Number of protein chains: 2
Amino acid sequence: MALEHAILVSLSERSGSGYELTRRFEKSIGLWWSATHQQIYRVLKRMEDAGWITVDQVAQSGKPDKKVYTVGDAGRAELTRWLAEPDPSATARELAVKIRGAALGDPAAVAAEVTRHRDAHAAQLDAYLLIEKRDFPDPSVLSGQSLHQFLVLRGGIRTEQGHVEWLEEVLQAFHHDA
Amino acid sequence: MALEHAILVSLSERSGSGYELTRRFEKSIGLWWSATHQQIYRVLKRMEDAGWITVDQVAQSGKPDKKVYTVGDAGRAELTRWLAEPDPSATARELAVKIRGAALGDPAAVAAEVTRHRDAHAAQLDAYLLIEKRDFPDPSVLSGQSLHQFLVLRGGIRTEQGHVEWLEEVLQAFHHDA
DNA sequence: TAGCTCATGTAACTAGTTACATGATTTG
DNA sequence: CAAATCATGTAACTAGTTACATGAGCTA
């Protein structure tokens, strides 16, 4: 799970309420991750119980009170730990959160994780290309169900290619920035 | 939900047991969809209760009995209905299932759905490109957190581009096959 | 004889969605 | 005056994962 960590990244940049976080997720992070307010409230409570974040009840004139959450030492430590931790089963969106939060931990460790995932996607891509060559040597002759099977494989190939190219771009940028 | 429908597609091509379906999902469809045997067994029971599929208990020598599931009339009707039904919130993997099963229903209806999704992804891509131009007019000067934000946006752009190009390829192939 | 494959299942969990509820203020 | 925004929450659901269980036969 990494909604916790996505929230840690967002709250590290700026403290805020559950409502505000919901808005932020609709925009920047929500490019990768959609989270409803119910889910965010639930996770915030869990994070508070774990001692990662602290709450400040803020009274407002005309508006309902809000609970402003701030990342504490334990939260910062957890984020640093998670950013550096290798996770072979991480999805693209989790990787996106790590990239987004790299400056809050060790950017070199994040780059290493990105490298591992680039390699894994490259290997998956090779496997798909092999299947393509073996099962569909001449796509122009395909029709009906075999054509449809081929098209689904093409989607898989494009997805892996996209991942590899993106992660390559990320690595180059990290390298030039280091 | 569409695990039901992914199973309907797979069982329409060939009847089989939950165990066999699990194996199939690890390969062809599992390119897009990973499902554990527990989940598949649970859904198969639900589909049987709904009357979409029928079971045949098959005794085997040396091996445990297996339950071979076959798609019935109600299942075929449901699959046809689902294949033609527009679903704006469908994910790429659900679309992949529809493309894979197009021949089991009305391929023209599936093509129409693919067109709608291509347009939606193209619109999303435009929105991201606008953000890119507005917020990061000169990427070469970026560093640290703003660079990381840019890279995450780049991932979103590449993902949408990949979807648009794939669905374009699908439409061309459908067109030539019709 | 240890581990893999075939084959099905229960139970408990995490993640995420949908519906419902409240109530003040601001905007059209 | 109706609708949107701000702000938090409960409850019930669907989807998916992890752990555990059984037991026969086949392979190294």
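Lettering follows sequence order; numbering is per chain, from 1. If you're wondering where the values come from, they're calculated on a predicted model, not measured in any experiment.
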Whole-Å distance separating the [atom1] atom of [X] from the [atom2] atom of [N]:
| X | N | atom1 | atom2 | answer |
| --- | --- | --- | --- | --- |
| B:Ile40 | D:dT18 | CD1 | P | 15 Å |
| B:Arg42 | D:dT14 | CZ | P | 11 Å |
| B:Leu3 | C:dG16 | CG | C1' | 16 Å |
| A:Lys66 | D:dT5 | NZ | P | 17 Å |
| A:Ile7 | C:dG16 | CD1 | P | 10 Å |
| B:Phe25 | C:dA7 | CZ | P | 18 Å |
| B:Lys63 | C:dC4 | NZ | C1' | 13 Å |
| A:Glu26 | D:dA7 | CD | C1' | 14 Å |

Please report the interatomic distance CG(A:Leu79) to CD(A:Glu4), rounded to the nearest 0.5 Å.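 With rounding to 0.5 Å, CG (A:Leu79) is 12.0 Å from CD (A:Glu4).
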Would you indicate, yes or no, if [N] has its OP1 or OP2 atom less than 4.0 angstrom from a side-chain nitrogen or oxygen of [X]?
| X | N | answer |
| --- | --- | --- |
| A:Arg23 | D:dC6 | yes |
| B:Ser17 | C:dT8 | yes |
| B:Lys67 | C:dG9 | yes |
| B:Gln39 | D:dT17 | yes |
| A:Tyr19 | D:dC6 | yes |
| A:Tyr41 | D:dT8 | yes |

5'-most by nearest nucleotide on DNA chain C - A:His37 or A:Trp33: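 Residue closer to the 5' terminus by nearest nucleotide: A:Trp33.
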Considering heavy-atom distances to DNA chain C, does B:Gln38 or A:Gln38 have its closest nucleotide positioned more toward the 5' end?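 Nearest nucleotide further toward 5': that of B:Gln38.
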Of the listed nucleotides (D:dC6, C:dA7, C:dT18), which one gets closest to any side-chain atom of A:Pro64?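 Comparing D:dC6, C:dA7, C:dT18 against the side chain of A:Pro64, the answer is D:dC6.
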Under 3.5 Å, is there a donor on one side chain and an acceptor on the other for B:Asp87 and B:Ser89?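 Yes - a donor-acceptor pair under 3.5 Å links their side chains.
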Would you please say whether a donor-acceptor pair under 3.5 Å links the side chains of B:Glu94 and B:His5?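 There is no such pair (donor and acceptor under 3.5 Å, judged by atom type) between the side chains of B:Glu94 and B:His5.
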Step through it carefully: locate the ring centre of B:Trp32, locate the ring centre of B:Trp166, and say whether they are under 6.0 Å apart.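 Between B:Trp32 and B:Trp166, the centre distance is under 6.0 Å.
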Geometric class of the A:His121/A:His117 ring pair [parallel <30°, tilted 30-60°, perpendicular >60°]: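 Ring orientation of A:His117 relative to A:His121: tilted.
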